[in-house]
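If you're wondering where the values come from, they're calculated on a predicted model, not measured in any experiment. Index from 1, following the sequence.
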Amino acid sequence: MNRLYVILIFFLSVATLAAKPKNALREDAHGAKGRVTLQPYLADSASNTGIAIIVCPGGSYSWHDMKTEGVGVCEWLQSMGINAYLLKYRVATVAAYITGFRVLGIGNKYPDMLEDVEDALAYVYSRAEQDGVDTCMVGVMGFSAGGHLAMSSYIYNRTDNKPTFICSVYPVVTMSDKKLTHRRSRRGALGVWRQWNTTMQDSLSLEKHIPADCPPVLLVNCQDDPIVKYQNSELLDSALTAQGIEHKYIQYNTGGHGFGASEEKGTEESRQWKKEFTEWISNLQQQKK
């Protein structure tokens, strides 16, 4: 039985290595057939506000909630005249997470997902004129693990293509606090062995690395979140405040987790975040004019 398990892991690992592009987003011409995709939801020319947002759905860095935190969010943004780009970034995959075959060091893990959002930003900036995008209003919006990636798109970004604002909804924040860490996301991002590496944990704990030039942030979560402990957002709020970063933190009493832009999920209270976002982004755009 043990021999069979080892053989299975070997073939799964080889298959993963063969399937993984060196630079997935660029080599797949932005999404036609590959594992990394960037799907545009462009605003009508008559209603185009010039705002562009890359949307990063959650899924514990192991899968993607493409419906509620992806397509639903992009369609909502598009209806408001915002150009949305749905990013399917590299994750561990459910199979990798369950089997743990990444013990061999093969498979998707940090910084794969960071490279994907960097490439997505480069793509949006490169098409700004064609898509009617104001380069002063290019942001990243993420949910749960995608909220961690949204903040990472500036904090750890190694390129010149950085977001000018960030919206992070019920985000994973800390990777090092034993009481607050969402361990499933940490394992998804770092892999089976590196999840226990304290240097890596500290490196990806957002609250420890807020730069002084961080762009404006909208932060949203709920106190009754059963998945990612609500104190994650409080840590991020405190870190942003300590650095004097322009941001707005909205904490609801009810709403739970995973409601995205849905009009059915969450609660009436938590669904107000969309109205709050609309006002926040409008004010931000006015400031930049």
Item checked: Side-chain (S153) to main-chain (V117) donor-acceptor, under 3.5 angstrom -> no
Margin query: For the OH atom of Y89 and the CG atom of N108, what is their distance to the nearest 0.5 Å?
Written below: 12.0 Å
Next item on the list: Quick one: pull up CG in N197 and CG in D202 and give me the separation to the nearest 0.5 Å.
Entry: 9.0 Å
Margin query: Can you give me the closest heavy-atom contact between K178 and R183, atom names plus distance?
Written below: O-NH2, 3.8 Å
Note to self: Would you say M80 ends up clustered with M137 if hydrophobic residues are merged whenever their side chains have heavy atoms under 4.5 Å apart, either directly or through other cluster members?
What the structure shows: yes
Next item on the list: Rounded to the nearest 0.5 Å, what's the gap from CG on L218 to CH2 on W280? Could you check?
Entry: 5.0 Å
Margin query: Around atom CD of Q287, are there more than 12 heavy atoms from other residues, nucleotides or ligands closer than 6.0 Å?
Written below: yes
Checklist line | Distance-only donor-acceptor check, side chains D213 and Y154, under 3.5 Å | finding: yes
Margin query: Which heavy atom of G188 sits nearest to which heavy atom of S62, and what is that distance?
Written below: CA-OG, 3.8 Å
Check: Can you get from V71 to V91 by hopping between Ile, Leu, Val, Met, Phe, Trp and Tyr side chains that sit under 4.5 Å apart?
Finding: no
Next item on the list: State whether the side chain of Q272 and the backbone N or O of E269 hold a donor-acceptor pair below 3.5 Å, judged by distance alone.
Entry: no
Note to self: Please determine whether side-chain contact (heavy atoms from CB on, under 4.5 Å) holds for the pair F143 and D65, giving the CA-CA distance in whole Å, both sets of side-chain angles, and the decisive distance to 0.1 Å.
What the structure shows: CA-CA 9 Å; F143 302 81; D65 181 359; over 6 Å; no
Next item on the list: Spell out, as yes or no, whether a donor-acceptor pair under 3.5 Å connects the side chain of S79 to the backbone of W76.
Entry: yes
Check: Does a sphere of radius 6.0 Å around NZ in K288 hold more than 12 heavy atoms from other residues, nucleotides or ligands, not counting ones at 6.0 Å or beyond?
Finding: yes
Notebook entry, point to check: So how far is it from M141 CE to I281 CD1, rounded to the nearest 0.5 Å?
Noted result: 7.5 Å
Notebook entry, point to check: Between A52 and V133, what is the shortest heavy-atom contact and its length?
Noted result: CB-CG1, 3.6 Å
Note to self: Tell me the closest heavy-atom pair linking R184 and S60, and the distance in Å.
What the structure shows: NE-OG, 2.9 Å
Next item on the list: Using atom types as modelled and distance alone, determine if a side-chain donor or acceptor of R35 lies under 3.5 Å from a backbone N or O of K88.
Entry: no
With a cut-off of 3.5 Å and sequence neighbours excluded, list every side-chain donor-acceptor pair involving residues 246-253.
from, atom 1, to, atom 2, distance (Å)
H247, ND1, I245, O, 2.8
H247, NE2, D237, OD1, 2.7
K248, NZ, E276, OE1, 2.8
Y249, OH, N221, OD1, 2.8
Y249, OH, Q251, NE2, 2.7
Q251, OE1, Q223, NE2, 2.8
Q251, NE2, E234, OE2, 3.2
Y252, OH, W273, N, 3.2

Notebook entry, point to check: So, the side chain of Y61 versus the backbone of L149: is there a donor-acceptor pair under 3.5 Å, distance only?
Noted result: yes
Check: Between Q243 and A212, which heavy-atom pair has the shortest distance, and what is it?
Finding: NE2-N, 4.0 Å
Next item on the list: Report the distance from atom CG of D224 to atom OG1 of T254, rounding to the nearest 0.5 Å.
Entry: 5.5 Å
Notebook entry, point to check: Atom OG1 of T181 and atom CZ of R186: how far apart are they, to the nearest 0.5 Å?
Noted result: 5.0 Å
Margin query: Are the side chains of D131 and Y85 in contact, using a 4.5 Å heavy-atom criterion?
Written below: yes
Next item on the list: Taking the side chain as every heavy atom from C-beta outward, state whether H182 and I227 have any atom pair closer than 4.5 Å.
Entry: yes
Next item on the list: With the side chain counted from C-beta on, respond yes when V73 and L86 share a heavy-atom pair under 4.5 Å apart, and no when they do not.
Entry: no
Checklist line | Backbone N/O of K109 and side chain of R194: donor-acceptor pair under 3.5 Å | finding: no
Checklist line | Hydrophobic cluster membership, I82 vs Y123, 4.5 Å side-chain cutoff | finding: no
Notebook entry, point to check: Are V220 and V55 joined in one hydrophobic group, where the rule is that I, L, V, M, F, W and Y side chains link up if heavy atoms are under 4.5 Å apart?
Noted result: yes
Notebook entry, point to check: Which atom names give the shortest non-hydrogen contact between C56 and L87, and what distance separates them?
Noted result: SG-CD2, 4.2 Å
Checklist line | Chi angles and distances behind the side-chain contact (heavy atoms from CB on, under 4.5 Å) call for L121, N157 | finding: CA-CA 10 Å; L121 282 160; N157 193 319; 3.7 Å; yes
Margin query: Given 3.5 Å as the limit, does a donor-acceptor pair link the side chain of D134 with the main chain of T49, or not?
Written below: no
Next item on the list: Using atom types as modelled and distance alone, determine if a side-chain donor or acceptor of S262 lies under 3.5 Å from a backbone N or O of E264.
Entry: yes
Note to self: Does any part of the side chain of R158, heavy atoms only, come nearer than 4.5 Å to the side chain of E115, both counted from C-beta?
What the structure shows: yes
Margin query: Is it the case that the side chain of H148 and the backbone of L204 share a donor-acceptor pair, with hydrogens and angles ignored and the cut-off at 3.5 Å?
Written below: yes
I'd like a table of donor-acceptor pairs (distance under 3.5 Å, sequence neighbours excluded) in which one partner is a side-chain atom from residues 162-176, with atom names and distances.
from, atom 1, to, atom 2, distance (Å)
T164, OG1, C136, O, 2.9
T164, OG1, V138, N, 3.1
T164, OG1, V138, O, 3.2
S168, OG, G147, O, 3.1
Y170, OH, E69, OE2, 2.7
Y170, OH, G258, N, 3.4
Y170, OH, F259, N, 3.2
Y170, OH, G260, N, 3.1
T174, OG1, S176, N, 3.2
T174, OG1, D177, N, 3.2
T174, OG1, E207, OE2, 2.9
S176, OG, S205, OG, 3.1
S176, OG, K208, NZ, 3.1

Check: Side chains of S152 and L206: does their closest heavy-atom pair fall under 4.5 Å?
Finding: yes
Notebook entry, point to check: Is there a path from L240 to Y156 through hydrophobic residues (I, L, V, M, F, W, Y) whose side chains come within less than 4.5 Å of each other?
Noted result: yes
Notebook entry, point to check: Counting distance only, does the side-chain N/O of Q78 pair as donor-acceptor with the main-chain N or O of L42 below 3.5 Å?
Noted result: yes
